[in-house]
Amino acid sequence: MEILKPYRARIDALDDQIVDLLVQRIGIVDEVVQVKVAQDIPAVLPDRVAEVIERTSRRAAEKGLDAGMVRDLYTQIVAYCCERESEKIKSARRDLSRAG
């Protein structure tokens with residue numbers, strides 16, 4: 001369907017940007033790991049998790065998006081990031097205990 005080609009190109013470009021932003025988000029999560037290890041902060045902070053999911057779903061609703069869909073999406077994103085943080089923190093703490 002040639003008529004859809006320009007729309008598909010625009011969607012593909014946006015999808016690339018979304019993936020790039022997720023990569024940036026995860027990079028920041030990896031930076032936070034170092035702070036949490038140094039300051040002995042738990043990997044998962046439930047209040048922050050709830051805050052992120054609520055803030056993003058509220059913003060979605062304000063922008064005319066389905067808040068439930070965004071809530072589900074961010075629940076998955078945050079769960080992935082929390083799991084990543086937990087694993088990296090455990091690994092860093094093991095490394096510290098072996099070194100010390």
Side-chain angles (χ1 to χ4, degrees):
M1 298 220 142
E2 195 64 29
I3 195 164
L4 296 179
K5 193 172 185 176
Y7 300 100
R8 289 176 176 165
R10 288 169 50 202
I11 288 171
D12 290 349
L14 288 172
D15 287 341
D16 290 347
Q17 289 177 29
I18 291 167
V19 170
D20 291 346
L21 289 171
L22 286 171
V23 168
Q24 287 180 40
R25 187 185 202 286
I26 290 167
I28 295 168
V29 166
D30 289 349
E31 290 176 32
V32 168
V33 165
Q34 302 308 313
V35 174
K36 286 185 174 183
V37 168
Q39 299 297 316
D40 200 31
I41 299 170
V44 179
L45 301 170
D47 290 346
R48 175 62 179 158
V49 168
E51 176 188 339
V52 169
I53 293 168
E54 179 56 34
R55 185 185 65 76
T56 54
S57 61
R58 185 176 54 247
R59 180 170 171 80
E62 291 168 359
K63 298 287 186 172
L65 286 176
D66 181 319
M69 182 273 298
V70 171
R71 181 181 310 278
D72 292 345
L73 179 62
Y74 267 86
T75 297
Q76 289 185 346
I77 291 169
V78 171
Y80 173 83
C81 290
C82 287
E83 181 63 29
R84 182 181 177 97
E85 258 188 60
S86 293
E87 290 303 315
K88 286 185 170 277
I89 287 172
K90 284 179 196 173
S91 177
R93 288 184 177 150
R94 271 194 307 269
D95 292 347
L96 284 175
S97 69
R98 286 183 193 142

Engineer: For the hydrophobic clusters of this structure (ILVMFWY residues joined by side-chain heavy atoms under 4.5 Å, transitively), does one cluster hold both V32 and I89?
Structural biologist: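 In one cluster with V32: I89, no.
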Engineer: Does a side-chain N-to-carboxylate-O contact under 4.0 Å join D40 and R93?
Structural biologist: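 Looking at D40 and R93, the cut-off is met.
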Engineer: Can M69 and D72 be said to form a side chain to side chain contact (heavy atoms under 4.5 Å, CB included), step by step?
Structural biologist: CA-CA 5 Å; M69 182 273 298; D72 292 345; 5.7 Å; no
Engineer: Of all the heavy-atom pairs spanning A61 and A67, show the shortest one and how long it is.
Structural biologist: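 Scanning both residues completely, I find the closest heavy atoms to be CB-CB, 4.1 Å.
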Engineer: If we ignore hydrogens and angles and just use 3.5 Å, is the side chain of K36 paired with the main-chain N or O of A43 as donor and acceptor?
Structural biologist: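 Indeed, once roles are kept as given, a pair shorter than 3.5 Å links the two residues.
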Engineer: Looking at CZ of R48 and CD1 of I53, how far apart are the two atoms once the value is rounded to the nearest 0.5 Å?
Structural biologist: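 It is 10.5 Å, given to the nearest 0.5 Å.
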Engineer: Quick check for you: to the nearest 0.5 Å, what is the distance between L4 atom CG and E2 atom CD?
Structural biologist: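 Result: 9.5 Å between the selected atoms.
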Engineer: Indicate yes or no: at least one non-hydrogen side-chain atom of L65 is less than 4.5 angstrom from one of R59.
Structural biologist: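 L65 does not reach R59 side chain to side chain.
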Engineer: Would a single hydrophobic cluster contain both V29 and V78, if residues Ile, Leu, Val, Met, Phe, Trp and Tyr are joined by side-chain heavy-atom contacts under 4.5 Å?
Structural biologist: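 Result: no, two separate clusters.
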Engineer: Applying the 4.5 Å side-chain criterion to the ILVMFWY set and letting contacts propagate, would L22 and I28 be lumped into a single cluster?
Structural biologist: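 Different clusters: L22 never reaches I28 through Ile, Leu, Val, Met, Phe, Trp or Tyr contacts under 4.5 Å.
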Engineer: Mind checking the OG1-CD spacing from T56 to E51? Nearest 0.5 Å is all I need.
Structural biologist: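 Nearest 0.5 Å value for the OG1-CD distance: 10.5 Å.
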Engineer: Side chains of I26 and V23: closer than 4.5 Å at any heavy-atom pair?
Structural biologist: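 No - every pair of side-chain heavy atoms lies 4.5 Å or more apart.
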Engineer: In terms of hydrophobic clusters joined by side-chain contacts under 4.5 Å, are V37 and V44 together?
Structural biologist: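 Different clusters: V37 never reaches V44 through Ile, Leu, Val, Met, Phe, Trp or Tyr contacts under 4.5 Å.
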Engineer: At their closest point, which heavy atom of G68 faces which heavy atom of D66, and how far apart are they?
Structural biologist: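 It is N-OD1, 2.8 Å.
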Engineer: Just do the side chain to side chain contact (heavy atoms under 4.5 Å, CB included) check on E87 and V33 with the steps written out, would you?
Structural biologist: CA-CA 10 Å; E87 290 303 315; V33 165; over 6 Å; no
Engineer: Would you call R8 and I11 a side-chain contact if the rule is heavy atoms closer than 4.5 Å?
Structural biologist: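 Side-chain contact under 4.5 Å: no.
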Engineer: Are side-chain heavy atoms of Y80 and Q76 found at a separation under 4.5 Å?
Structural biologist: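 The answer is no; the side chains never approach within 4.5 Å.
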